[in-house]
Protein chains: 2
Amino acid sequence: MSPTRIPEATVARLPVYLRALNSLLEREIRTCSSEELASAAGVNSAKLRKDLSHLGSYGTRGVGYDVEYLRYQIAREIGLTQDWPVVIVGIGNLGHALANYSGFSSRGFRTVALLDADAARQGELVAGLKIRPFTELSAIVREHGVAIGVIATPAAAAQSVCDHMVDAGIRSVLNFAPTVLTVPPEVDVRMVDLSSELQILAYHEQRKSAPASPDPTLDPEVVA
Amino acid sequence: MSPTRIPEATVARLPVYLRALNSLLEREIRTCSSEELASAAGVNSAKLRKDLSHLGSYGTRGVGYDVEYLRYQIAREIGLTQDWPVVIVGIGNLGHALANYSGFSSRGFRTVALLDADAARQGELVAGLKIRPFTELSAIVREHGVAIGVIATPAAAAQSVCDHMVDAGIRSVLNFAPTVLTVPPEVDVRMVDLSSELQILAYHEQRKSAPASPDPTLDPEVVA
DNA sequence: TAGATTGTTAATCGATTAACAATC
DNA sequence: TAGATTGTTAATCGATTAACAATC
């Protein structure tokens, strides 16, 4: 069905296009050009068309794209037409926020269990789910066919949690703990590193404040 | 001081190297080879050496890198030797988690204010800071010299919050709201999209389950 | 000196972009 | 048909990787 392998950079942008299409639909826009959709997604139209060309030919020359139809095709390509049961491990502040995050539940993702190693927190109700002991992980994975695990534990616990996830059969991990995870090659890990993001901004910000020379006392000589 | 402009892909990895170096230091490892550091950072050693070569020549051939010295050089390059006052806007579940996230405060970042538009929440104490009205944004930015703003509001509010941040003089924005932000060219926006990350995992997971043909009923014919 | 490891070169690979032929 | 816009081509750009000369 998919013509060829889709480039990684394109895959990473498909969710953005999907969101842009949803936003157009909310405004009851039925058809859009690559220019309009690209603008809504924050990319240029050449890149958008190139990206979409990897999925197939879902537009009409001279007309544009049917918003609803394109949305379905992208959702199907990503795999959002099926159900994705998810477990979240580590229900601290961040795990709590993730459990309540509507963006997870809105698309095919369904949080089936919240796990925490802390005995004191067990039974507590978060986002309509009871916190369960981490030891139940493999039973839960088996019961619900969980393929995706989210790690929101402290860094020190993350590798061990990840190892248990892999043992339980999970092959896709979203890691919020600030540590590099080692996994077998068949397992995918994506890392969301809040502190890295701030650091990357700081790097560029620093360069803005001192555009030409880091040492202002040198400037007169450069000019002279 | 910096020899040339550092490639964007390299900048994005510097925080990872920094973290790996910190972890080596915690284990009291004073010196490391590019091979060891690369392994701790989850990259290959050729990439690591190439990345570091953009910063300067901080290793010793035949010996390796002094962990403490390299850490300082990377921190300086990113700009972490200076103080970065940050404001967080939108203190829901996620904003709450961000305010408490130690990874922010640990490096040069200092959360100076938590803002929320909801009058009912104002005065509430989160992570040792009182939630203040959003209207105080520009006064706070001026007072503390805030250069980085974090948006953790619902999507509907994000663009307006961002516009106010830009008006107040903020030129670096970390956006957790699931929406594309439009900003003037001098402003940097980084987006952390939790739902996108799950979708990218789902795409790859889908491909793992059905490696050859998406429709199993076609397989016999293909084989025959 | 011999062994080890960096920093750099050059080749390869993948992503972006502009331009335009195809076609509605 | 004329105007609009896609899907594709080809050129450019940037990132990755392996190999190795430089050098501790």
Side-chain angles (χ1 to χ4, degrees), chain A residues 2-17 20-21 24 29-71 73-74 77 185 196 200 203-204, chain B residues 2-17 20-21 24 29-71 73-74 77 185 196 200 203-204:
Chain A
S2 326
T4 53
R5 194 142 230 82
I6 297 177
E8 202 41 47
T10 297
V11 170
R13 281 187 295 267
L14 293 181
V16 180
Y17 300 152
L21 289 165
L24 292 177
I29 295 166
R30 305 283 176 156
T31 300
C32 67
S33 67
S34 62
E35 195 66 60
E36 290 166 313
L37 181 54
S39 151
V43 302
N44 69 50
S45 65
K47 190 185 278 179
L48 173 79
R49 289 199 301 279
K50 183 74 174 163
D51 282 342
L52 294 184
S53 76
H54 293 293
L55 311 193
S57 185
Y58 297 132
T60 308
R61 290 170 199 234
V63 178
Y65 301 93
D66 181 283
V67 176
E68 177 80 54
Y69 179 65
L70 182 58
R71 177 176 74 155
Q73 292 301 338
I74 293 178
E77 188 68 42
S196 285
I200 294 165
Y203 172 83
H204 292 295
Chain B
S2 326
T4 53
R5 195 142 230 82
I6 296 177
E8 203 40 47
T10 297
V11 171
R13 282 188 293 266
L14 294 182
V16 180
Y17 300 152
L21 289 166
L24 291 177
I29 295 166
R30 305 283 178 159
T31 300
C32 67
S33 67
S34 63
E35 196 65 61
E36 290 166 313
L37 181 54
S39 151
V43 302
N44 69 49
S45 65
K47 190 185 279 179
L48 173 79
R49 288 199 303 278
K50 183 77 174 160
D51 283 341
L52 294 186
S53 76
H54 292 293
L55 311 195
S57 184
Y58 298 132
T60 307
R61 292 172 198 231
V63 178
Y65 300 93
D66 181 283
V67 175
E68 178 78 56
Y69 178 64
L70 183 58
R71 178 176 74 155
Q73 292 301 339
I74 294 178
E77 188 67 44
S196 285
I200 294 165
Y203 172 83
H204 292 294

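Order of the sequence lines fixes the chain letters, A, B, ..., with proteins taken first and strands second; residue numbering starts at 1 for each chain. Note: hydrogens, waters and symmetry copies are ignored here, and every other heavy atom, side chains too, is used.
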> What about Arg61(B): does its side chain form a donor-acceptor pair under 3.5 Å with the base of dT23(D)?
Replying inline: no

>> With hydrogens left out and only the distance checked, is there a donor-acceptor pair under 3.5 Å joining Arg49(A)'s side chain and the base of dG7(D)?
In response: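 Checked by distance alone, the answer is yes.
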
> Where each residue is assigned the nucleotide of DNA chain C containing its nearest heavy atom, which of Ala9(A) and Gly62(A) is assigned the position nearer the 5′ end?
Replying inline: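 With Ala9(A) and Gly62(A) compared, the 5'-side residue is Ala9(A).
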
> More 5' along DNA chain C: Val63(A) or Asn44(A), using each one's nearest nucleotide?
Replying inline: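 Counting from the 5' end, the first nearest nucleotide belongs to Asn44(A).
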
Atom-pair distance ([atom1] on [X]; [atom2] on [N]), nearest Å:
X        : N       : atom1 : atom2 : answer
Leu52(A) : dT5(D)  : CG    : P     : 16 Å
Ile6(B)  : dG14(D) : CD1   : P     : 15 Å
Leu48(B) : dG7(C)  : CG    : P     : 10 Å
Asp51(B) : dT17(D) : CG    : C1'   : 12 Å
Leu55(A) : dT6(D)  : CG    : P     : 15 Å
Lys50(B) : dA19(D) : NZ    : P     : 16 Å
Asp66(B) : dT5(C)  : CG    : P     : 16 Å
Glu35(B) : dG3(C)  : CD    : C1'   : 16 Å

Nearest to the [X] side chain among [options], which nucleotide is it?
X        : options                  : result
Pro7(B)  : dA15(D), dA18(C), dT8(C) : dA15(D)
Ser33(A) : dT23(D), dT6(D), dG7(D)  : dT6(D)
Lys47(A) : dT16(C), dT17(D), dG7(C) : dT16(C)

>> How close do Ala12(A) and Ile200(B) get, counting heavy atoms only, and between which atoms?
In response: CA-CD1, 3.7 Å

> What pair of heavy atoms forms the shortest contact from Glu77(B) to Leu55(B), and how long is it?
Replying inline: CG-CD2, 3.7 Å

> If pairing requires Watson-Crick or G-U wobble contacts with both distances under 3.5 Å, which nucleotide is the partner of dT17(D)?
Replying inline: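 Checking every strand shown, dT17(D) finds its partner in dA10(C), with both distances under 3.5 Å.
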
> Which one is paired to dT5(C), where only Watson-Crick or G-U wobble pairs with both distances under 3.5 angstrom count?
Replying inline: dA22(D)

>> Categorize Glu8(A) for me: base, sugar-phosphate, or nothing, with a 4.0 angstrom heavy-atom threshold over every strand shown.
In response: sugar-phosphate

>> Is there a side-chain contact between Ser57(B) and the phosphate of dG7(C), meaning an N or O under 4.0 Å from OP1 or OP2?
In response: yes

>> Is Tyr65(A) close enough to dG7(D) that one of its side-chain N or O atoms is under 4.0 Å from OP1 or OP2 there?
In response: yes

> At what distance, to the nearest 0.5 angstrom, does CG of Leu24(B) lie from OG1 of Thr31(B)?
Replying inline: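 So the gap between those two atoms works out to 10.5 Å.
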
> Which is it for Arg49(A) and Ser45(A) under the side chain to side chain contact (heavy atoms under 4.5 Å, CB included) test, yes or no, and what are the steps along the way?
Replying inline: CA-CA 6 Å; Arg49(A) 289 199 301 279; Ser45(A) 65; 3.4 Å; yes

> Are side-chain heavy atoms of Tyr65(A) and Leu21(A) found at a separation under 4.5 Å?
Replying inline: no

